[in-house]
J.: 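Quick one: the structure is below, and I'll ask about it shortly.
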Amino acid sequence: MKRMTKVRSILIRLLLSVGLVFLLFYSMLPAINFKDKNFLIFLMISIVLIFIINLPVYVKAFFDSLGQSSATVIGHNPVTGQPIYGKKPKKADSMRIARPLKVGFALLAVLVIWMLIATVIGQRIFNAGRYRDLIVMTDGDFSKDVAELQMSQIPVVDKDTASRLGSRKLGEMTELVSQFEIEENYTQINYKGSPYRVTPLAYADPIKWLYNQKKGLPAYITVDMVTQETDLVWLDNGMKYSTSEYFFRNIYRYLRFCYPTKIFEDISFEIDDSGVPYWVAPVVQYRIGWWDGKDISGAVLVNAVTGESEYFAKDEVPNWIDQLYTADLIIEQLDDNGKFQNGFINSIFGQRNVRRTTYGYNYLAMNDDVYLYTGMSSVTADESNIGFVLVNLRTKATTFYAVPGATEYSAMGSAQGQVQHLQYTATFPLLLNVSGRPSYFVSLKDAAGLVKMYAFVDVAQYQLVGTGSTVDEAKRNYQQVLNMEEIEVENPADEEQIEGVVAAISDAVVSGNTCYYFMLNGSDTVYVAEISLYERLPFLKAGDRVEFWYQATEGSKTRTVTRFAE
């Protein structure tokens, strides 16, 4: 009977230990990989849990051994000097009780010591050159590398505006708004050649999840960053795997149990060229010490609808993936590269050629990829940049452009100063090529967060600003400012020249500006020009000969006039 009781006790403690350790793993989700700090922390907590579960047994065994021991002198009265008799456990019993405790504490000590050693060997003071080389920069020519965008391609929507547009769109769907809310991901991607922000829906609360989880999340939201058009994209089959799911369909838990040894960076939501939603989980590789020098070795793609997943090495990741690297990881590597150009000691004393990123970044859609843009400044400079970098967020190809100029926040202040009477606030700038010159583009918002105006600010001379209620107007005013300063600018590469006789002309007011629409003899193409381009526009009539330059608008017969011959 006593033997059965002992077996039952062992079995209960074993099941309880396994259950609690599994629940701990289920909640922490560490990679079963000794290069994951969370895994070592998980092991240490597990050891403590097992010790706590077995503690009553150790205590009981200790007192039982006291009852089996003979009386002996265990001390003396400090006043009278008389011996004090008591019972001490037998040595064998003490060893049996202490052995599991010693093993547990020894394992804890080994794990703690290993964590300390692994942390020390990866410190920057010992590996400055290796941290510097985590990212490699090449020098580039901005005017050649970065194509000038047509005004119809310039993104005017930042993450905050996208969030407002998405919330408004969901609010229009009365059958959805009571059941779902919107995840605040808003990943920036290139979709069919245009910059978009995309984000999935999420269950509003656990009760809503209970009612809807069988069908899954029915849609995701796309925001065109150029036109501000916001769509709720319905799916034939709902998304069964997401961050708002519970249990084993939660995307983090699903990834962990499918790939138990892989260490993941922050996951992102993207759609492929067919609009199929995916979760992109970059896989972490440590290149310095034991768990330092974080980099990306590939990614696991999970179909958000079916749960089908596949791992791709970094060089094999599909081209439609736009954000394999997170912005925070890239900024950290850029800072290390700038800091350790001449070693660790120089980064503290002397600081020769030491540079840092400016306090912010933005994204540039180019060549069907998304690039991170940030300025580079000397560690001693607060108001000027020595240049800027563009980093491909899929391949990590990094190009440095030596263009001295104002920091992004200086440009934002200059744009706000141009309309200070309206008290608008500027968004973080987007770097553009305007007539061959690096230029900041910012949106100007009112107190309600609505975009009211736009501004172009010259990078090299941030006091040169052009503002307007439309992007076209802001650009024209900016180019006029450059011309007034006698700054040489290049004509757009896609600008074409034409000469002909006016067949018909008419005017209209668009966004508060007078625009003239005209056609030339022998052509059905419509040309549009704002009145500020040419002082003789109001006097043009059918039969007059004109010579001008224009830019084509993809998918349309309308052509935008950029300038007239004098």
Side-chain angles (χ1 to χ4, degrees), residues 6-7 9-65 88-131 134 252-253 255-266 281-298 329 332 336 344:
K6 187 175 181 180
V7 171
S9 174
I10 293 174
L11 185 60
I12 291 173
R13 283 182 281 124
L14 179 62
L15 292 176
L16 187 58
S17 298
V18 170
L20 288 179
V21 169
F22 176 78
L23 288 176
L24 180 65
F25 182 85
Y26 185 85
S27 58
M28 288 185 63
L29 297 176
I32 304 177
N33 188 326
F34 279 96
K35 286 201 169 187
D36 185 3
K37 289 182 183 179
N38 288 332
F39 181 60
L40 298 189
I41 294 172
F42 161 76
L43 290 178
M44 289 191 287
I45 297 176
S46 297
I47 292 171
V48 172
L49 280 175
I50 294 171
F51 169 73
I52 293 173
I53 290 169
N54 289 277
L55 184 60
V57 177
Y58 300 147
V59 173
K60 182 178 183 301
F62 176 79
F63 283 106
D64 287 347
S65 66
K88 286 187 176 180
K90 295 177 181 178
K91 186 175 182 181
D93 294 331
S94 299
M95 290 293 291
R96 179 173 58 83
I97 297 167
R99 189 177 297 114
L101 298 179
K102 288 181 179 179
V103 171
F105 283 120
L107 287 175
L108 284 174
V110 168
L111 291 174
V112 170
I113 292 171
W114 175 244
M115 289 185 71
L116 291 175
I117 293 174
T119 301
V120 170
I121 62 176
Q123 291 298 302
R124 285 164 170 76
I125 189 172
F126 305 119
N127 303 279
R130 298 176 69 185
Y131 277 100
L134 284 174
Y252 298 106
R253 194 162 291 115
L255 280 165
R256 174 53 59 229
F257 282 90
C258 289
Y259 301 88
T261 62
K262 292 191 182 299
I263 305 172
F264 293 112
E265 182 64 298
D266 295 337
V283 176
V284 171
Q285 173 189 22
Y286 294 111
R287 293 171 53 187
I288 299 174
W290 188 252
W291 49 39
D292 290 288
K294 183 193 291 185
D295 207 354
I296 303 299
S297 62
L329 177 59
E332 181 181 354
D336 285 336
F344 184 83

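This is a predicted model, so every value here is computed, not measured.
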J.: Assess whether side-chain contact (heavy atoms from CB on, under 4.5 Å) is satisfied between I117 and W290, documenting all intermediate values.
T.: CA-CA 9 Å; I117 293 174; W290 188 252; over 6 Å; no

J.: Is K294 salt-bridged to E265, cutoff N-O under 4.0 Å?
T.: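 Counted as a salt bridge, because a side-chain N and a carboxylate O are separated by less than 4.0 Å.
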
J.: In chain order, what residues pass the side-chain contact (heavy atoms from CB on, under 4.5 Å) check against R130, with sequence neighbours excluded?
T.: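 Here the qualifying residues are N127, I288.
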
J.: In terms of relative ring orientation, are F264 and Y259 parallel, tilted or perpendicular, with 30° and 60° separating the classes?
T.: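 Correct class here is perpendicular.
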
J.: Which heavy atom of M28 sits nearest to which heavy atom of I41, and what is that distance?
T.: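 What the structure gives for the nearest pair is CE-CG2, 4.2 Å.
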
J.: Using the test ring pair (Phe, Tyr, Trp, His ring centres under 6.0 Å), find all partners of F34 that sit at least two apart in sequence or belong to another chain.
T.: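 So F34 forms a ring pair (Phe, Tyr, Trp, His ring centres under 6.0 Å) with F39.
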
J.: Output all residues satisfying side-chain contact (heavy atoms from CB on, under 4.5 Å) with L49, sequence neighbours left out; order by chain, then residue number.
T.: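 By the side-chain contact (heavy atoms from CB on, under 4.5 Å) rule, L49 matches L20, L24, I45.
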
J.: Holding to side-chain contact (heavy atoms from CB on, under 4.5 Å), I want the full list of residues that pass it with K37, two or more places apart in sequence or in another chain.
T.: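 Listed in chain order: W291.
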
J.: In Å and rounded to the nearest 0.5 Å, what is the CZ to CG distance from R287 to D295?
T.: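 One gets 4.5 Å once the value is rounded to the nearest 0.5 Å.
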
J.: Students often mix this up, so state it plainly: with edges at 30° and 60°, are the rings of F42 and F25 parallel, tilted or perpendicular?
T.: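 Rings of F42 and F25: perpendicular, over 60°.
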
J.: Y252: what forms a side-chain contact (heavy atoms from CB on, under 4.5 Å) with it, not counting sequence neighbours?
T.: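 Expected list: L29, T243, N250, I267.
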
J.: Are R253 and Y26 in a cation-pi setup, meaning NZ or CZ lies under 6.0 angstrom from the ring centre and within 45 degrees of the ring axis?
T.: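 Ring-cation test returns yes.
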
J.: Of the non-hydrogen atoms in G122 and D292, which two are nearest, and what is the gap between them?
T.: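 Here G122 and D292 meet closest at CA-OD2, 3.3 Å.
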
J.: Which atoms form the tightest heavy-atom contact between G293 and L134, and what is the distance?
T.: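 Scanning both residues completely, I find the closest heavy atoms to be CA-CD1, 3.9 Å.
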
J.: How long is the gap from CG on L40 to NZ on K35, to the nearest 0.5 Å?
T.: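 Rounded to the nearest 0.5 Å, the CG-NZ separation comes to 12.5 Å.
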
J.: Closest approach of K262 and A31, non-hydrogen atoms and distance?
T.: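 In terms of heavy atoms, the two residues are closest at O-CB, 3.4 Å.
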
J.: Which value, rounded to the nearest 0.5 Å, describes the distance between I12 atom CD1 and I53 atom CD1?
T.: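 Interatomic distance, I12 CD1 to I53 CD1, rounded to 0.5 Å: 12.0 Å.
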
J.: Distance-only, no hydrogens or angles: does the N33 side chain make a donor-acceptor pair with backbone N or O of T261 under 3.5 Å?
T.: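 Checking the backbone N and O of T261 against the side chain of N33, a donor-acceptor pair under 3.5 Å is found.
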
J.: Looking at residues at least two apart in the chain, or sitting in another chain, which of them share a ring pair (Phe, Tyr, Trp, His ring centres under 6.0 Å) with Y286?
T.: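 Not a single residue meets the ring pair (Phe, Tyr, Trp, His ring centres under 6.0 Å) criterion with Y286.
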
J.: Taking Y131's backbone N and O only, do any of them form a donor-acceptor pair with D336's side chain (distance below 3.5 Å, no angle check)?
T.: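 No; zero donor-acceptor contacts below 3.5 Å.
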
J.: Kindly compute the distance separating CG (L16) from CG (L11), expressed to the nearest 0.5 Å.
T.: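 Those atoms lie 11.0 Å apart.
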
J.: Would you give the length of the straight line joining atom CD1 of I32 to atom CG of L43, rounded to the nearest 0.5 angstrom?
T.: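 Reported value, rounded in 0.5 Å steps: 9.5 Å.
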
J.: When rounded to the nearest 0.5 angstrom, what is the spacing between CD in Q123 and CD1 in I121?
T.: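 One finds 10.0 Å between CD of Q123 and CD1 of I121.
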
